[in-house]
2 protein chains.
Amino acid sequence: MAQKAVTLKDVALAANVSRATAARALNGYGYVGGEASARVLQAADRLGYRGNRVAQALRRGQLPLIGFMPGDIQNPFFARIAHDVDVELRASNHNLLIASSEEDPEQEMELLDSLQSLNVRGFIVAPTSADDNAHLIRLVNEGVPIVLIDRALPDVACDSVTVDNEGGAREAVNYLIANGHRRIGLVQDDSRITTARGRLAGYIQALKSHGLEVDESLIIVSRSTVEYAIDATIRLFSRPSRPTALFTVDSLMTQGALLGLRSMGLAVPHDVSLVGFDDFNLATFTDPQITVVAQPIAQIGPLAVKLLLQRINGSSEPQHNAQFPTRLIVRGSVSRPAGAPLR
Amino acid sequence: MAQKAVTLKDVALAANVSRATAARALNGYGYVGGEASARVLQAADRLGYRGNRVAQALRRGQLPLIGFMPGDIQNPFFARIAHDVDVELRASNHNLLIASSEEDPEQEMELLDSLQSLNVRGFIVAPTSADDNAHLIRLVNEGVPIVLIDRALPDVACDSVTVDNEGGAREAVNYLIANGHRRIGLVQDDSRITTARGRLAGYIQALKSHGLEVDESLIIVSRSTVEYAIDATIRLFSRPSRPTALFTVDSLMTQGALLGLRSMGLAVPHDVSLVGFDDFNLATFTDPQITVVAQPIAQIGPLAVKLLLQRINGSSEPQHNAQFPTRLIVRGSVSRPAGAPLR
DNA sequence: CCGTTGTGTGAGATCGATATCATATTTGGA
DNA sequence: TCCAAATATGATATCGATCTCACACAACGG
């Protein structure tokens, strides 16, 4: 069925030279006679020789592949980064292996293992857990190039590209407070994830710096999924004394919150003010448009690739942990709560 | 720097047997003594032997990799399929190589070539062009397993999983006509893409079956991108006599149309009725919610994987071209045009 | 005219895993 | 007891590309 591919041997035979000479002609190293070289090149062309990257990889010890492991490829945030990484890598002839961890540390471990045995040259990972990192530490110690994105891990000594989650969350909550809100709800991701921790920290800092108490009943843990967030939002707003404002820690949760609130007949911003982390195209489609903390998403992928390729090429520069600032984009989803004094 | 990985040789040495015996013990074939087997297994475990999939691939002639080539991984439609394919493949120990063609036939060719020389086991492709298919035909003739998704190609003899584009478009336009619209605009994708052709055909059929003329000035060609679609929409509605309704052929274009109309101060459905092809979560966030032709997206990825794995495992069943029906989801973006007679 | 560089080429080792083949060694049945 | 079958193991070829090494031959200076 599947025809066997043309091998170097075939080309060498057709050109009437040895495999060694054929290889030299094709790869342009060592001494090759002009005439022999021409014959080889012509034969290769005629036979449609493509070379076997697997064999090359075995010889060289590495495949020109990069593993990309997002928490969820359907999250537009990761999809965008995947796209940028793909484009960026194409320039250096690498291909992209995408394997979603589905936010499961177990699965992350297995996939990392499986890809490593493929002799992948390096990884770009959004680590699922802030704590269970033995596998990542092991990889780093083995000298495997890794760049963490979105979520940095202090105990894993490798490059990372992240965003100022704490600062972004603080700014969002400060903004809500400045608008007169005192009971500010938080739809939070699993605290295993570092970004969730950072954003929670920012939330708490903002409250404390204004002398507000952190009320556990205003915080609800969901998952980064529209469906879960709908449910979480409904549960949060079914509790005795409702928040007047809501901060959601990622775009899918913001969508979920929007739907959850709508299903309860709560209007944004009339009944509840809303600020989300991570901008998303939907945010400008709603009425009112949603105020969000935007991340410089276009910069994350390219920088991650740049750092990774540097490591792959043997750079031994000190660990580089890039952290981009966020930007609060004020749109129309926040208003002063009923009965709040004008400042 | 990078530690060399543990090889079979190391394990064999540690277990004090030959490589052959070690391989037998690890892979469970042929005769192996119970004691030797135990020693090998234990040594492998102790050393953390993982096996080198590249070497295995060289030997076997194939890597357990599947190439997935969408037009654009950022399009939620493809992101969803990528996710499903990833999950499905995990069950059979394959990894997913994702390489976006970016709707460029040239790039599609190069990537296909590059992945083929990686001894990928098969491809799932959303072919960019309905016409330039020499490369796909060549692959099929070489016996490389391929499944086309979203877009079938009559001249490429391989399995495919698609959707009834013509029928879906017809239904959408029929619905607009039934609501009294006579001037129905079309925001269309590059006619190189087969889905675009099918949806255009459906649009034309619906018009003709109601005795309506196809007015070229109501059709505008965009690209599957929010930005392009905004622009196209604005241009379309800047022409002398505007349509009263609009049909957009994919979700990104629907978004673009929405934004374009808004920027021109045209309200949906008051000024313009809108039906889009492909459902998307945003469609229910807008006010009004958008009426769309939905595709059974959850079924596409799994079926494509199933068909592909069958081919990989040597099935020689006749070519299977699955086509799912679409479903019109009526929401609130269509109303009767001003001055239209009630039926 | 001979040794030294400089060219051009092929034989063969290598990467790591696997499978075939040949060679022990044991077991079982006649 | 003896031979055949069953069991266990190692040596080695193989997958395809690359690269070192050794060898051949030319050109060149002294």
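Proteins get letters first, then strands, A, B, ... in listed order; numbering begins at 1 in each. Remember, predicted model here, so these are calculated numbers, not experimental data.
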What is the separation between atom [atom1] on [X] and atom [atom2] on [N], rounded to the nearest whole Å?
{"X": "B/Leu8", "N": "C/dC15", "atom1": "CG", "atom2": "C1'", "answer": "13 Å"}
{"X": "A/Arg19", "N": "C/dG12", "atom1": "CZ", "atom2": "C1'", "answer": "8 Å"}
{"X": "B/Leu26", "N": "C/dT18", "atom1": "CG", "atom2": "P", "answer": "8 Å"}
{"X": "B/Leu13", "N": "D/dG10", "atom1": "CG", "atom2": "P", "answer": "12 Å"}
{"X": "B/Tyr29", "N": "D/dT7", "atom1": "OH", "atom2": "C1'", "answer": "16 Å"}
{"X": "A/Arg24", "N": "D/dC19", "atom1": "CZ", "atom2": "P", "answer": "11 Å"}

Hey, can you pull the residues of residues 49-65 of chain B with a non-hydrogen atom under 4.0 angstrom from DNA chain D?
->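 Heavy-atom cutoff 4.0 Å gives B/Leu58, B/Arg59.
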
Would [X] and [Y] count as having a side-chain donor-acceptor pair, cut-off 3.5 Å?
{"X": "A/Asn321", "Y": "A/Gln319", "result": "yes"}
{"X": "B/Glu103", "Y": "B/Thr128", "result": "yes"}
{"X": "A/Arg53", "Y": "B/Ser114", "result": "yes"}
{"X": "B/Arg138", "Y": "B/Asn133", "result": "no"}
{"X": "A/Thr7", "Y": "A/Arg19", "result": "no"}

Are OP1 or OP2 of [N] and a side-chain N or O of [X] less than 4.0 angstrom apart?
{"X": "B/Thr7", "N": "C/dG16", "value": "no"}
{"X": "B/Asn27", "N": "C/dT18", "value": "yes"}
{"X": "B/Thr21", "N": "D/dT9", "value": "no"}

Between B/Arg223 and B/Asp72, is a salt bridge (charged side-chain N to carboxylate O under 4.0 Å, His left out) present by the stated rule, with each step listed?
-> CA-CA 12 Å; B/Arg223 273 155 159 263; B/Asp72 170 15; over 6 Å; no

[X] versus [Y], closest heavy-atom pair with distance:
{"X": "B/Val17", "Y": "B/Ala36", "answer": "CG1-CB, 4.3 Å"}
{"X": "B/Arg24", "Y": "B/Val32", "answer": "CB-CG2, 3.7 Å"}
{"X": "B/Ser100", "Y": "B/Leu111", "answer": "O-CD1, 3.4 Å"}

Does anything in residues 30-47 of chain B reach DNA chain C, meaning a heavy atom under 4.0 Å, and if so which residues?
->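 Nothing qualifies; none.
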
Taking side chain as C-beta onward, heavy atoms only, is B/Arg90 less than 4.5 Å from A/Gln107?
->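 Yes, at least one pair of side-chain atoms sits under 4.5 Å.
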
Please tell me if the side chains of A/Leu65 and A/His94 come closer than 4.5 Å, counting only heavy atoms from C-beta onward.
->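 No, side chains not in contact.
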
Axis-to-axis angle across the helix from C/dC1-D/dG30 to C/dA30-D/dT1, five pairs an end, to 10 degrees?
->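 Comparing the axis at each end, I get an angle of 60°.
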
